[in-house]
Amino acid sequence: MIKFTIITLFQEALKPYLESSMMYKAAHKGLVEFNFVDLREFGLGPHKSVDDTPYGGGDGMLLRCEPVFNAIESVKKKDSKAKVILPTPVGDIWNQDMARKFANGQAESFSRSIFSDVENTERPSPLGEGARERSEKNDSSCHYVILCPHYEGYDERILSIVDYKVSLGKYVLTGGELPALIIIDSVVRLIPGVLGGENSAAIESFSDGDNLEYPQYTKPYDFRGMTVPDVLLSGNHGEIAKWRKQHSGKAK
Ligand code: 6GU
């Protein structure tokens with residue numbers, strides 16, 4: 001069971017996706033759990049403010065430390081082993097290998113590099129001791145807290161409570177909600193039993209089980225004059241495998 005707790009001001013943007021299709025099925029089967037924490041509840045003053053202007057001047061508003069720390073600490077009080085993910089355009093660029101490690105509960109193996117630029121004396125190793133034990137016991141049960149920033153940014157001190165900084169690519173989005181959905185989707189589909197029919201070996205490589213490498217066709221044979229390569233109808237499995245290999249393009 002993998003648990004995601006999403007800290008956000010915009011739950012309504014996330015729920016329709018997580019309550020549909022494969023995400024819904026995975027949650028329904030008990031393979032994953034989605035929880036929400038409303039950051040506004042941790043806001044300050046009568047207006048439940050969560051942001052303020054930057055010291056030194058500049059445009060826009062930044063997420064403040066207090067609401068974020070209080071929200072994260074409220075989750076950690078119940079589960080001290082929960083790991084915090086911050087979607088940010090300056091994070092490590094998300095890839096299939098990272099998704100697989102999160103799905104296997106082995107994300108700690110790359111967290112050192114993510115942490116190399118963050119000073120944190122209280123947490124000399126972000127490797128929660130449980131990780132190695134968990135992977136030895138083959139227990140992938142884990143809890144990820146995704147903190148969705150909004151506005152123009154966040155107070156840098158928030159990084160001291162974050163385990164992983166993740167970027168989705170070299171462009172800028174308005175907030176962490178879409179990245180959170182992409183991170184969750186790419187992890188959940190790798191949990192054994194979510195897609196059905198796969199075994200652990202099938203999720204060992206990007207291509208296996210993903211059918212991304214070669215062109216595929218289904219019925220009809222002839223669609224508006226565009227026909228299916230005949231080798232695929234030949235029943236010759238050797239030739240079919242050869243054709244697929246020749247036509248596979250490596251996903252970048
Ligand atoms: Cl994780 N956040 C934001 N705001 N923009 C992004 C991103 C994340 N990844 C790419 N662009």
Side-chain angles (χ1 to χ4, degrees), residues 2-18 23 32 34-40 42-43 49-56 58-69 71-72 75 82-103 106-118 120 126 142-190 206 251-252:
I2 295 186
K3 206 188 241 189
F4 287 97
T5 296
I6 305 147
I7 302 177
T8 173
L9 293 165
F10 302 99
Q11 297 182 28
E12 70 279 9
L14 294 150
K15 283 183 172 164
Y17 191 79
L18 298 178
M23 300 302 110
V32 64
F34 304 120
N35 302 296
F36 293 91
V37 169
D38 181 3
L39 186 60
R40 186 67 63 194
F42 295 87
S49 169
V50 297
D51 59 344
D52 213 325
T53 52
Y55 277 115
D59 283 341
M61 303 286 274
L62 306 181
L63 267 189
R64 291 176 65 117
C65 286
E66 305 94 314
V68 167
F69 275 66
I72 291 174
V75 178
K83 297 285 181 228
V84 181
I85 303 170
L86 177 72
T88 165
V90 296
D92 284 12
I93 294 186
W94 188 245
N95 61 35
Q96 189 68 9
D97 190 44
M98 291 156 89
R100 191 163 44 240
K101 285 179 171 146
F102 274 83
Q106 297 163 342
E108 286 83 356
S109 60
F110 59 78
S111 59
R112 272 184 205 284
S113 67
I114 290 179
F115 256 64
S116 56
D117 61 336
V118 178
N120 188 332
C142 33
H143 186 177
Y144 300 115
V145 179
I146 307 184
L147 169 67
C148 299
H150 228 82
Y151 308 109
E152 276 71 9
Y154 47 83
D155 187 304
E156 190 73 8
R157 291 166 290 186
I158 285 171
L159 295 182
S160 68
I161 205 172
V162 165
D163 296 288
Y164 312 107
K165 287 187 287 172
V166 172
S167 165
L168 266 294
K170 300 196 172 186
Y171 48 85
V172 181
L173 300 165
T174 56
E177 284 75 18
L178 283 172
L181 287 178
I182 291 170
I183 293 164
I184 290 170
D185 186 293
S186 59
V187 170
V188 169
R189 68 182 288 285
L190 295 176
F206 182 52
K252 294 196 179 70

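Both ligands and their constituent atoms are indexed starting at 1 by order of listing.
Residue contact check: P179 has heavy atoms under 4.0 Å from atoms 1 (Cl), 2 (N), 8 (C) of ligand 1. Atoms of ligand 1 found under 4.0 Å from any heavy atom of P87 (numbered from 1 in listed order, with element): 1 (Cl). Of all atoms in ligand 1, numbered sequentially from 1 with element shown, those under 4.0 Å from a heavy atom of V166 are 1 (Cl). Set against the non-hydrogen atoms of S167, the atoms of ligand 1 under 4.0 Å away are 1 (Cl), 9 (N), 10 (C).
Ligand 1 has no nitrogen or oxygen under 3.5 angstrom from a nitrogen or oxygen of T174. For the pair L168 and ligand 1, the shortest N or O to N or O distance falls below 3.5 Å. Taking distance alone, with nitrogen or oxygen atoms compared against 3.5 Å, L173 approaches ligand 1 more closely than that limit.
Summary of contacts: the protein heavy atom closest to atom 3 (C) of ligand 1 is P89 CD, 3.5 Å. Among protein heavy atoms, the minimum distance from atom 11 (N) of ligand 1 is reached at Y171 O, 2.5 Å.
Under a 4.0 angstrom heavy-atom cut-off, G176 registers as lying outside contact with ligand 1.
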Side chain to side chain contact (heavy atoms under 4.5 Å, CB included) assessment of L63 paired with L39: CA-CA 10 Å; L63 267 189; L39 186 60; 3.9 Å; yes
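Across every non-hydrogen atom of A82 and V145, the tightest pair is CB-CG2, 3.8 Å.
Applying side-chain contact (heavy atoms from CB on, under 4.5 Å) to E177 and the options L14, I6, I146 leaves one that passes, L14.
Note on D38 versus R40: no salt bridge recorded, every NZ/NE/NH1/NH2 to OD/OE distance being 4.0 Å or above. A salt bridge links K101 and D97; the closest N-O separation between the charged side-chain nitrogens and carboxylate oxygens is under 4.0 Å.
If you take CZ on F36 and OG1 on T8, they are separated by 8.0 Å, rounding to the nearest 0.5 Å.
The environment of OH in Y55 is sparse: at most 12 heavy-atom neighbours from other residues, nucleotides or ligands sit within 6.0 Å.
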